[in-house]
Amino acid sequence: MPSPLVKARSTPVRDARPVAERTLSYVDAVREAADQEMSRDPAVLVFGLDVDDPKAIQGTTRGLLEKYGPERVFGTPLSEDAMTGAAIGMALAGLRPVHVHIRMDFLLLAMNQLVNVAAKSRYMYGGRVHVPLVVRSMIGKSWGQGAQHSQGLHGMFMHVPGIKVVAPSTPYDAKGCLAAAVRDNNPVLYVEHRLLHFQKGPVPESAYTVEPGTARITAVGEDVTIVGISYMQVECLRAAKYLEDVGIQAEVIDPIWLSPLDVDTIANSVERTGRLLVVDTAWTNCGAAAEIVARVAERLQGVRDLRLKRMGFAPTTCPTTPALEDLFYPTARTIASAARDLVEDGPTGWVPVERPDLQSIEFKGPF
Amino acid sequence: MRARLFRALYRIRRLEEEVARVYASDRIKSPVHLSIGQEAVSVGVCTALRPDDIVFGTYRGHALYLAKGGDLNAMVAELFGKATGCTMGKGGSMHLIDPEAGVMGMSAVVGTTIANAAGYAYALKLRRSDSVVVSFFGDGATEEGVFTETLNFAVLKHLPVLFVCENNGYAIHTHQTRRQGRADICAKAEAFGIPAERLDGNDVFGLLTRTQEVLKSVRAGGGPWFLEVSTYRWREHVGPGRDFQLGFRAEAECEPWIAADPVTRLASELSVGERAAIEAEVEEEIAAAFAFAEASPFPAPGELMTDIFQEEPDALAAR
């Protein structure tokens, strides 16, 4: 699947095979990457709340404890601050810890260690140390995740030099990005979306990496460029289908790595289309969408005429009731509507009638 | 041993006095949190350590850095902001490091390195090393969440880490009794199941001996230990001067600590000749370190953007 449209920046994507025949879930892709990296390098550890419990973080850590033992795979006390600090200490000692959080909201308890220590150690210690740390965290959505289980905080980390941010949306990239993150000698925030765990796709069996700074064109078009971050990539691809129905060819891009960002791939597309819509699974204020729009504007202002728009969470706290939660998020239909307005150069009032084949298939409760 | 301890104490004391003296000239390009009065804590504990043991400290870290064997020239150059500094002028006084000497970092945010020390100890244990980690922090750090979180983890995993609380009584200008409902730091450690005891920070021999005994247990896999060491900061929180004029503490409170100063006491216990020889050597070494710092270049402008990530410059090109 990825090969013809792969758009690697400077480091080519090292696909083990150009076309993978095996289909894997996102969950199994994450698990397989962790397994292969732990097998390859005895310095790799996986820990965090509940990584060794029967649910094994939706299955993403299943089997690791049995295979690698409790010293390399362990559940932690409910101490995000100290456990992040401990992970940094391990990394300073030459280990490669993967610290897992079942919700991104919990990272707020670890901001001192992540921002003040992990991101800065390499620089403030004059290049004498490095911190090969991976922090996995998940964004929740639907079935009442609410205020403190739904936040996409990746933009906060993009703000900080010294930490990389990746948000893969396919099983293929989930595996390749986790392997790249583990092998990277720097802190990497690895953003998962709970709904992406249900995705299935082709994944090569042998190990490969999707390197930092890699974006991917996932649908080719000439009329409008749509960048979809994390789970919103799925909604953007659906939106492109709605747009096809009205004769609009959208080019859809998955940035995959948010920091470092492959701005070339995005800007080159916008140079052709003249229109950019960035859809994030986060708020738009000072976020990833704002950053992408700003970089493209800086690159292309004066070069060609531009139409720019961001979409993301409504600028409020995430409610639990579906009656309001449905309004909180962009959907394929609202994305298509906004994209058409960009193409038509003004509000058309058009919202596509929902197609059964493009409905969001989300987790059905009870949770 | 007496001469060795005196040398270590005198070296730190004189180095910091020189820092204080030079500070007014503005050639030092970093805020300084002087250890004057507290040197014996670092010297007593670190003299019991092996070169391959690891320490983590705080922004008041000059004494720890030097006591553990950190490079003196690189430290002074760091205060001067020079390219030859231990972090090339990027970290300053509050982020001294010397991995070759086992000094693995210091933080300007109180309590932060306690958890880093525990993580490092976890790595040592995983590798079946018999090295240990010593985590130095102040009384204020015991109020941070990361302190209690880390104690719990250290006990849970039976880590080879010695916690050393350097209790100088004050967090900036606020006394411990105005910050802690129960001002008993050892009790906090004991509550987690960590053996803890309180030691006199002016008794450098006592600190050395007790640390040696405790480390036998820690090294042998006996799990973490905790020492609360009473000491006193003679100078102001940050900067070269004194702070009694602010009125938050009386100068009389400092007097018994000065009277019990181990630098003076050990000096008086050495022969005149031995003492003079050590003092002359140390003075020469310090003068050379300041000359080295003076003569060293500032980092080139291009250094602003190096060492953000471990690989360069590929990651930057993507931005």
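In what follows, chains carry the letters A, B, and so on, assigned in the order in which the sequence lines appear, proteins first and then strands, with residues in each chain numbered from 1.
When each of A:D81, A:L78, A:V129 is scored by its heavy-atom pairs under 4.5 Å with chain B, the top score falls to A:D81. Between chain A and the options B:L126, B:L124, B:T150, heavy-atom pairs under 4.5 Å are most frequent for B:L126. Contacts with chain A were tallied for B:L156, B:I54, B:N152, B:N116; B:N116 has the most, counting heavy-atom pairs under 4.5 Å. Top candidate by heavy-atom pairs under 4.5 Å with chain B, chosen from A:H130, A:Q113, A:R72, A:E80, is A:Q113.
The two residues B:F153 and A:P77 have their closest heavy-atom pair at CD1-CD, 4.2 Å. Minimum heavy-atom separation, B:A123 to A:L95: CB-CD1, 3.5 Å.
Residues of residues 104-115 of chain B lying under 4.5 angstrom from chain A, judged on non-hydrogen atoms, are B:M104, B:G105, B:M106, B:V109, B:T112, B:A115 in numerical order. For residues 92-101 of chain B, the interface with chain A (any heavy-atom pair closer than 4.5 Å) comprises B:H95, B:L96, B:I97, B:D98, B:P99, B:E100, sorted by residue number.
Only the side chain of A:L45 has a heavy atom closer than 4.5 Å to any heavy atom of chain B. For B:F147, no part lies near chain A; criterion is any non-hydrogen pair under 4.5 Å. If you measure heavy-atom distances from B:E303 to chain A, the contacts under 4.5 Å come from the backbone alone. With a 4.5 angstrom heavy-atom cutoff, A:N185 touches chain B via backbone and side-chain atoms both. Using a 4.5 Å cut-off between heavy atoms, B:L304 touches chain A through backbone and side chain atoms alike.
The neighbour count for A:H159 NE2, taken as heavy atoms of other residues, nucleotides or ligands under 6.0 Å away, does not exceed 12.
Looking only at side-chain heavy atoms (C-beta outward), A:N186 and B:E311 come within less than 4.5 Å of each other.
A distance of 12.0 Å separates CZ of B:R127 from CD of A:E71, quoted to the nearest 0.5 Å. Rounding to the nearest 0.5 Å places CE of B:M88 at 9.0 Å from OH of A:Y123.
Using a 4.0 Å cut-off between charged side-chain N and carboxylate O, A:R128 and B:E78 make no salt bridge.
Remark: side-chain polar atoms of B:D307 are not paired, donor with acceptor, to backbone N or O of A:R122 under 3.5 angstrom.
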Start with the C-alpha distance between B:Y122 and A:F47, add both sets of side-chain angles, then the distance that settles ring pair (Phe, Tyr, Trp, His ring centres under 6.0 Å), and finish with yes or no.
-> CA-CA 13 Å; B:Y122 188 91; A:F47 58 85; 7.4 Å; no
